[in-house]
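Beneath this line is the structure, given in structure tokens, with notes to follow.
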Protein chains: 2
Amino acid sequence: MVKGVLMEGFTDTEQKIINAATAVFLEKGLDGARMQEIADQAGINKALLHYYFRSKDKLFRTVFQNEIKNLLRTILDSAQSSQNFEQFLQSFITTYMKAIAPRTNLMRFAIWEFGKDNYSIVDTFLQTFREYGYPTNPLVETTQKAIDEGQIRSLDPAHFTLSLLGVCIFPFMIKPFIEKLIPGVNMSDEHFIEQRAKEIYAMIWNGLKPPDQKTG
Amino acid sequence: MVKGVLMEGFTDTEQKIINAATAVFLEKGLDGARMQEIADQAGINKALLHYYFRSKDKLFRTVFQNEIKNLLRTILDSAQSSQNFEQFLQSFITTYMKAIAPRTNLMRFAIWEFGKDNYSIVDTFLQTFREYGYPTNPLVETTQKAIDEGQIRSLDPAHFTLSLLGVCIFPFMIKPFIEKLIPGVNMSDEHFIEQRAKEIYAMIWNGLKPPDQKTG
DNA sequence: GTCTATACATCGATAGAC
DNA sequence: GTCTATCGATGTATAGAC
């Protein structure tokens with residue numbers, strides 16, 4: 001969870017509960033989380049959890065939607081207006097990784113919960129996109145526009161979006177694995193992110209240049 | 001789970017249990033899985049589960065290690081010997097996606113379980129790598145060798161490996177999300193994999209060419 | 001609103017017959 | 001080896017006092 005994110009429409013006690021629930025749910029998952037642990041961490045008792053949020057499931061959904069929206073808003077808010085696609089790509093990679101780096105548990109968690117069909121997470125995404133004026137995924141639309149304008153070669157915007165998200169997100173999802181395998185690495189470190197951003201950009205951009213710009 | 005994978009050293013009943021346990025664990029996770037459901041799916045009763053595998057946790061570890069090893073062996077077995085890195089890359093992408101496509105639940109599952117520190121999954125990986133004669137990650141080593149031989153430009157092999165794995169794995173981890181968002185897509189379809197493999201290769205390779213080979 | 005005490009269900013694990 | 005029956009622990013949720 002990212003500390004210091006204020007939420008509107010919640011009382012003081014509700015806020016304490018949500019903070020505690022977020023920490024516990026993201027670490028243990030829906031099934032692994034215990035209401036007692038959430039109560040303890042919030043400094044209250046179990047009964048109060050049910051008083052404010054009818055059930056464990058209701059509390060879970062509130063927490064999850066909140067975190068997803070916070071993440072998307074963080075990314076969309078810091079999306080600087082760029083003059084061209086190359087500039088956009090460069091800043092997007094850094095922005096995106098800086099947003100997910102402190103949220104590795106949310107990433108793991110979201111991937112896991114995506115597999116279930118209990119409720120619609122897709123709607124949470126689309127709704128937040130619409131808040132920012134995008135009818136669907138902003139990355140797909142931005143990429144398509146760049147193709148139409150001849151800024152990049154013709155390719156499938158959906159596949160490119162998946163690839164871009166993959167290189168940015170994937171390493172952080174297996175963060176504990178990487179840091180255990182390579183003892184020296186600290187993925188939360190700003191330096192790691194900056195260096196990785198450069199590597200990603202270098203790998204991707206040359207594959208995007210239109211033929212007449214291929215200079216090496 | 002991939003059907004039809006035979007395992008050595010297991011009796012008939014053990015095999016039935018493992019098959020059932022694999023299906024349930026991969027879908028529900030360790031915490032969400034129920035011994036009763038595993039027993040039902042195996043066509044036996046709960047007591048027998050504990051007779052063969054002392055505890056839920058023991059059964060879980062057996063299943064998980066089995067699946068990881070099956071996956072790694074599938075990939076490493078079908079790694080064709082290639083004349084150069086470009087050829088290797090091209091076949092690797094297809095091979096890798098074909099191996100993980102029927103294992104989307106294992107991917108989700110592994111990512112989730114990686115976050116816990118209860119037991120060492122890292123060892124399972126390293127051990128399987130060693131079986132095939134690689135002291136550490138085969139991709140990192142293959143990439144480093146290609147750099148040393150001047151087949152590709154100088155880059156960080158670790159970052160490149162993370163990126164390559166990311167573009168291959170990530171889309172399949174959010175498969176339900178993608179197929180819900182884009183109604184027409186079926187990611188299990190061979191055609192989708194082939195098309196995506198081409199897109200990934202096209203994106204990556206041009207960023208890897210040494211300067212003197214950059215023709216477009 | 002906040003607490004203690006408890007109801008009620010379910011789970012993992014075991015005992016013991018066959 | 002395989003079954004039925006059950007124990008003991010723990011979980012979510014609620015009742016009721018303050």
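None of these values were measured; they are calculated from a predicted model.
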Report the distance from atom [atom1] of [X] to atom [atom2] of [N], rounded to the nearest whole Å.
| X | N | atom1 | atom2 | result |
| --- | --- | --- | --- | --- |
| A/Gln36 | D/dT14 | CD | P | 16 Å |
| B/Met35 | D/dC3 | CE | P | 15 Å |
| A/Phe53 | D/dT12 | CZ | P | 16 Å |
| B/Leu59 | C/dG12 | CG | P | 11 Å |
| B/Lys28 | C/dC11 | NZ | P | 10 Å |
| A/Phe60 | D/dT12 | CZ | C1' | 16 Å |

### Task
Given side-chain hydrogen bond (donor to acceptor under 3.5 Å, both in side chains), test B/Gln144 with B/Asp148 step by step and report yes or no.
CA-CA 6 Å; B/Gln144 183 62 60; B/Asp148 293 342; 3.0 Å; yes
### Query
If you measure only the distance, is there a donor-acceptor pair under 3.5 Å linking the side chains of A/Gln127 and A/Thr124?
no
### Message
Checking side-chain polar atoms at under 3.5 Å, does B/Asn105 have a donor or acceptor matched by the opposite partner on B/Arg108?
### Response
yes
### Query
Within a reach of under 6.0 Å around CZ of B/Phe129, are more than 12 heavy atoms found that belong to other residues, nucleotides or ligands?
yes
### Query
Between residues 37-44 of chain A and DNA chain C, which residues have a heavy-atom gap below 4.0 Å?
A/Ile44
### Whichever of A/Arg34 and A/Arg54 has its nearest DNA chain D nucleotide further upstream toward 5'
A/Arg34
### Task
May I ask you to evaluate whether B/Ser55 reaches the phosphate of C/dG12, defined as a side-chain N or O under 4.0 Å from OP1 or OP2?
no
### Query
Hey, does the side chain of B/Glu131 reach the backbone of B/Thr128 with a donor-acceptor pair shorter than 3.5 angstrom?
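Here the side-chain-to-backbone pair does not exist.
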### Strand-adjacent residues in residues 45-52 of chain A, judged by heavy atoms under 4.0 Å from DNA chain D
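Here the set is A/Lys46, A/Ala47, A/His50.
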### Query
Parallel under 30°, tilted from 30 to 60°, perpendicular over 60°: which one fits the rings of B/His159 and A/Phe192?
tilted
### Task
For the residue pair B/Trp112 and A/Phe109, categorise the inter-ring angle as parallel (less than 30°), tilted (30 to 60°) or perpendicular (more than 60°).
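Aromatic pair B/Trp112/A/Phe109 classed tilted.
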### Task
For salt bridge (charged side-chain N to carboxylate O under 4.0 Å, His left out), just list the numbers for B/Arg61 and B/Glu113, CA-CA rounded to whole Å, side-chain angles, deciding distance to a tenth of an Å, and then say yes or no.
CA-CA 11 Å; B/Arg61 293 186 212 193; B/Glu113 297 298 331; over 6 Å; no
